[in-house]
Amino acid sequence: MKLPQEVYDIAEAIKSMTIRGAGKIARSTAEALKITAQKSTATRVEEFVDELTLAAKILYETRPTAVSLPNALRYIMIRCYSDYEKGASLEEIRNDVIKAADEFIRNSLEAVNKIAEFGSMRIENGDVVMTHCHSSTAIAVLKRAWDEGKRFTVISTETRPRFQGRITASILASYGIPVKMIVDSAARFFMQDVDKVIVGADAVAANGAVVNKIGTSMIALAAHEARVNFFVAAETCKFSPESMLGGLITIEFRDPTEVVDQAFLKENPGIEVLNPAFDVTPAAYIDIIFTEKGAIPPQAAILILREEYGWFTKAPLPDFLRGVRSVPLSHIS
Ligand code: RI2
C-alpha cells in the first residue's frame, strides 16, 4: 500500500521535531490525513479506508505524549469509519475526511485565539512573567496582552536539552517584548521577581494534571512555594479521554545524544544518560488552565472531557485505529 510521500515526510518531521509543539503536531497530522484522502487513487472503499488507517497508524507512532495528536486522528477517523459503516461511497468518505481535517485545523487555530483573549486578561502592567519551553499558545497570550497595550517583562528559560526557550525568547524579543533568558536551573533563583508563570501543555489528564516540557513541574513547585500564580494555556484537544478510564499519559524518552554527544557516551560507557522530554505537574500546583471554552480550575478538566467525549467507555486508543477495517501488520514498516 503506497501513501503520498507527504505523509512519510510529515511523520518524519514530527519524529525529528522539525514540526513540534503539541498544537502544530496535531494540525500537521490532520493535514497529512487530508492529503492521504485527496491523493488516494483507491478504487474500492475498503482500500481507501485501509490507506487512511495506515496513515493514521504511521502518524500515531511518531511521538507518544502530545494527546492532541491521537485526538486529531480520532476526530477525523471516527467520521471515516462511521461513513464506511453506513455504506457511504468512496467520494462521500473522501469529502467527509477532508472536511473533518479542515474543521479540526480551523477549530485549533480559533482555539488559540480564544485562549489568547482569555489569558491576556490575567496579564497586567508591570508584570514579570516566566515561561518555559516554546508554547505557541502561551506566546499568543503574551502577544495579545502586549497588543492590548500592557507592558511587562518575560523571563524565558533556555529549556535543555533542545533549547526551545531560545525560540520563545527570540519570538518575543522581535515582537518588542522585553525578555530575559535564563538557564533552566535558575528558575527558582529568579522566582522571587516573578508575578506569574505561563506555560503550554502537551496533555491534560482528567484529574487536572498537566504534562508539559521537562522541567515544568519544578518551575510549578518553585512558583507554589513563592505563591506565584501558575497558568497553563491549552486547547481542549490536548485533554486526554483515555485518562477518564485511568489510562496514563506516556512520557517520551528521547535519544541521549540530545543531552551529550556520541564522544561523551563512548568515553563513559558506565553512564546511562536519561532524556525524558516531559513531566507531570499535579493540579495542586496549577491555578488556571486557559482553554478556548474559558479559564478553568484544573480540577474542572473532567467536565471538559465529559462534555467532549461523554463517559468515553467504548473506544480507547489505539483500538479506534483498528476501526471497521484492519490493516495487516505487514503494511506497517
Ligand atoms: P503549543 C511542546 O512540546 C512544549 O512542551 C510546549 O509547551 C507544548 O508542546 C505545547 O505547545 P515539544 O513538541 O501547542 O516541543 O502551545 O516537545 O505550541
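In listed order, ligands and their atoms are each counted from 1.
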In terms of atom number and element, which parts of ligand 1 are under 4.0 angstrom from non-hydrogen atoms of [X]?
| X | result |
| --- | --- |
| Gln164 | 15 (O) |
| Met17 | 15 (O), 17 (O) |
| His134 | 6 (C) |
| Ser136 | 1 (P), 16 (O), 18 (O) |

contact_flag [X] ligand 1 heavy-atom lt 4.0 Å:
| X | value |
| --- | --- |
| Cys133 | yes |
| Asn212 | yes |
| Lys238 | yes |
| His132 | no |

- Message: Closer than 4.0 angstrom, basic N to acidic O: yes or no for Asp202 and Lys238?
- Response: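 Result for this pair is no, no salt bridge flagged.
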- Item | Carboxylate-amine/guanidinium contact Glu235 Lys114, below 4.0 Å |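 Looking at Glu235 and Lys114, the cut-off is not met.
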- Message: Among all the protein's non-hydrogen atoms, which is closest to atom 13 (O) of ligand 1, and how far away is it?
- Response: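 Residue, atom and distance for the closest contact: Gly21 N, 2.8 Å.
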- Query: Between Ala234 and ligand 1, which part of the residue brings a heavy atom under 4.0 Å of the ligand: side chain, backbone, both or neither?
  - Reply: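 For Ala234, there is no contact with ligand 1 at all, from either part.
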Geometric N/O contact [X] with ligand 1, under 3.5 angstrom:
| X | result |
| --- | --- |
| Lys24 | no |
| Phe278 | no |
| Ser135 | yes |
| Ala22 | yes |

- Item | Over all atoms of both residues, closest heavy-atom pair of Pro298 and Asp287 |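 So the minimum-distance heavy-atom pair works out to CD-O, 3.8 Å.
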- Query: So, is the end of the Lys213 side chain (NZ or CZ) under 6.0 Å from the ring centre of Phe278 and within 45° of the ring's axis?
  - Reply: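 Geometry flag: set, cation within 6.0 Å and 45°.
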- Within 45° of the ring axis of Tyr309 and under 6.0 Å from its six-membered ring centre, is that where the NZ or CZ of Arg306 lies?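 No; the conditions do not both hold, so Arg306 does not lie above the ring face of Tyr309.
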- Message: Quick test of your reading of the structure: of Lys213, Arg20, Arg27, Glu235, whose heavy atom lies closest to atom 17 (O) of ligand 1?
- Response: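 Ranked by closest heavy atom to atom 17 (O) of ligand 1, first place is Lys213.
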- Message: If you take the nearest heavy atom of each of Asp202, Thr168, Val141, which one is closest to atom 2 (C) of ligand 1?
- Response: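 Result: the heavy atom closest to atom 2 (C) of ligand 1 is in Asp202.
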- Item | Under 3.5 Å: donor-acceptor pair, side chain of Asp279, backbone of Ile214 |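 Between the backbone of Ile214 and the side chain of Asp279 there is no qualifying donor-acceptor contact (under 3.5 Å).
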- How far apart are the C-alpha atoms of Thr29 and Tyr60, what are their side-chain angles, what is the distance that settles it, and do they pass the side chain to side chain donor-acceptor pair (under 3.5 Å) test? CA-CA 9 Å; Thr29 294; Tyr60 177 65; over 6 Å; no
- side chain to side chain donor-acceptor pair (under 3.5 Å) between Thr65 and Glu252: does it pass, once the steps are laid out? CA-CA 6 Å; Thr65 303; Glu252 176 183 15; 4.7 Å; no
- Message: Taking the ring of Tyr285 and the ring of Phe230, is the distance between their centroids below 6.0 Å?
- Response: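 So the answer is no for these two rings.
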